[in-house]
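Remarks on the structure that follows.
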There are 2 protein chains.
Amino acid sequence: MSVVAKAVDLLGHFSREAPEIGLSELCRLAGRDKATTYRHLSALEGLGFVEQNPATKNYRIGPAVLPLAELREATVPRRDGADAPLRALAETTQETAHVAVLSGQALHRLIACESVAHSTRAVVDLQQLPLHATASGLAALAFGPADLMAAATAQLTAFTAHTVTTAEALKARVAQARQTGFAVSPRGYEDGIHSLAVPAFDQSGQLAGTVAVACVASRMTPELERRIQRGLVQASREITHNWGGTVPDPLEALWRLALPLCTQKELAR
Amino acid sequence: MSVVAKAVDLLGHFSREAPEIGLSELCRLAGRDKATTYRHLSALEGLGFVEQNPATKNYRIGPAVLPLAELREATVPRRDGADAPLRALAETTQETAHVAVLSGQALHRLIACESVAHSTRAVVDLQQLPLHATASGLAALAFGPADLMAAATAQLTAFTAHTVTTAEALKARVAQARQTGFAVSPRGYEDGIHSLAVPAFDQSGQLAGTVAVACVASRMTPELERRIQRGLVQASREITHNWGGTVPDPLEALWRLALPLCTQKELAR
DNA sequence: CAATACGGGTTCAATAATTGAACCGATCAG
DNA sequence: CTGATCGGTTCAATTATTGAACCCGTATTG
């Protein structure tokens with residue numbers, strides 16, 4: 001693991017729930033030495049990636065990420081295209097919806113959108129989604145480039161008792177996703193969370209990202225699952241369209257088969 | 001210079017003009033070894049900070065910066081507060097306007113807004129603004145924390161023949177800015193560019209950033225300078241207000257003195 | 001009000017990571 | 001075919017990273 005990775009990993013511990021973190025706490029979270037963590041933070045501070053709250057001495061994300069994000073959006077304007085459909089998805093499902101994008105062999109969170117309908121809800125605070133343990137990852141494996149499977153099987157970390165940890169089991173899950181058109185990861189990454197995901201595509205016709213709903217497991221019912229699937233399909237179609245792509249016909253066929261009760265408008269596409 | 005800094009410096013070479021850069025070209029731009037640059041890029045790619053265009057093998061800014069920027073905005077929503085006033089400033093001055101924020105001892109670009117009125121215009125592609133050579137930097141030195149001066153004099157790089165390169169000359173410029181309420185850097189960073197800047201403040205009452213207009217030098221007239229000054233004052237007031245701060249009374253007094261013809265509405269504040 | 005625990009920040013020798021010249025195969029222009 | 005340029009790789013030399021121990025200021029506590 002390079003220093004760059006170690007330093008940047010620190011950034012991943014900041015979240016909406018913990019937007020400012022002190023040195024010692026960050027050491028514990030990162031599981032690293034205090035001196036090392038301090039030097040990494042200092043380096044990041046010099047670059048503007050973090051800054052210190054002068055009052056509390058706590059660290060928080062710095063301003064240097066803003067022009068980079070602006071440039072990213074100007075170069076590859078994905079977020080804009082995903083934003084509105086995602087909000088609609090969170091609205092209709094009343095659960096947390098999120099979109100991730102594939103970059104190389106890794107799946108990175110692009111946006112998360114939490115529904116405010118329930119007091120308990122899933123929180124997606126990961127930057128990078130494990131391929132084998134999340135619905136998004138399974139969707140990427142099932143509908144994305146073939147070489148992803150190698151990257152996934154190389155690191156089958158067990159996050160819960162339900163996490164898939166063998167190559168065989170993973171292949172079975174992926175096959176199931178290919179058959180049904182939906183990737184599911186029941187309690188695979190977090191114990192109380194049941195996730196469903198579908199792929200999204202860009203102008204190249206290849207998988208560019210995934211759309212997922214992370215649902216509080218205890219609320220899951222067959223009826224809710226239907227609603228989530230319907231929402232996912234609609235969101236994926238819209239996001240794919242906004243990204244300049246089209247959903248492959250075989251996948252569209254699967255979705256139509258799985259959701260016979262979808263509206264006439266959707267069928268008309 | 002730490003590896004982290006070297007790696008992240010690579011990100012600074014991407015711009016709206018060069019959103020995708022190949023390995024060799026980036027080596028030349030960064031002035032570093034090809035193997036090193038490649039490893040740095042690979043590390044950044046693993047973190048999602050850059051990605052490769054699969055078609056051209058060129059590198060571009062990756063998606064990992066997006067959630068970080070989102071979080072930054074959620075933690076310290078500066079950009080939102082600066083956006084609208086900056087557009088107005090670019091509109092009234094017909095020149096390029098930009099806002100930078102102070103983080104530690106460094107001034108980082110937050111937004112730039114180019115007016116489309118002229119075919120030639122200034123382009124602000126810096127991530128970090130040198131304190132001694134830009135109007136923004138001088139504004140920060142004049143109205144920001146005292147310890148900035150030490151950081152500025154430590155690195156008096158000459159960018160043009162007009163750049164201030166002695167501590168004495170720098171002090172004189174800063175004193176002038178303190179007296180007039182406006183920082184000016186005529187051709188200090190780029191030869192054809194004449195810049196003016198004023199400070200902006202946040203809820204702590206301290207300088208939080210700067211507002212500047214970078215003007216094509218050949219267009220500069222006393223009349224245009226007046227218009228720019230008036231625009232800067234208005235923008236700084238609005239941005240400072242949006243950031244939860246207030247412009248210090250002594251500075252407001254200087255501005256009123258310098259701009260006797262400002263509108264009644266502005267005087268009413 | 002000592003005693004103490006915990007916060008951020010620093011030091012220095014041991015060590016593990018970074019470095020870059022040279023090299024490889026592919027591609028392209030002349 | 002030749003030479004130039006591209007992205008990517010190798011390996012020994014070296015350089016920067018590492019972390020236990022330490023410092024100081026400030027809450028917390030019995």
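Letters A, B, ... mirror the listed sequences (proteins, then strands); counts begin at 1.
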Check whether A:Arg32 reaches the backbone of A:Lys6 with its side chain - one donor and one acceptor, N or O, closer than 3.5 Å. yes

Decide if atom CD of A:Glu17 counts as having more than 12 heavy atoms of other residues, nucleotides or ligands within a radius under 6.0 Å. yes

B:Asp80 atom CG, over 12 foreign heavy atoms within 6.0 Å: yes

Terminal contacting nucleotides, 5' and 3', DNA chain C versus chain A (heavy atom, 4.0 Å): C:dG7 to C:dT18

Determine, for nucleotides 3-9 of chain D in 5'-to-3' order, which nucleotides have protein heavy atoms under 4.0 Å from the base (write B), from only the sugar-phosphate (write S), or from neither (write -). ---SBBB

Just to be sure I understand the rule, does A:Arg32 reach a base, reach only the sugar-phosphate, or reach nothing, if contact means heavy atoms closer than 4.0 Å? nothing

Is there a donor-acceptor contact under 3.5 Å from the side chain of B:Thr163 to the main chain of B:Thr160? yes

Quick one: A:Lys6 NZ to D:dA16 P, roughly how many Å, whole number? 16 Å

Neighbour count above 12 (heavy atom, 6.0 Å) for A:Asp249 CG: no

Strictly below 4.0 Å: does A:His40 bring a side-chain N or O up to OP1 or OP2 of D:dT17? no

Could you check whether any side-chain N or O of A:Arg72 sits under 3.5 Å from a backbone N or O of B:Val65, counting only pairs where one atom can act as donor and the other as acceptor? no

For B:Val123 and B:Thr96: C-alpha separation, side-chain torsions, deciding distance, then whether side-chain contact (heavy atoms from CB on, under 4.5 Å) applies. CA-CA 7 Å; B:Val123 173; B:Thr96 297; over 6 Å; no

Integer-rounded Å distance: D:dT15 P and A:Arg39 CZ: 18 Å

Locate the shortest heavy-atom distance separating B:Tyr59 from B:Tyr38; write the atom from each residue and the value. OH-CE1, 3.8 Å

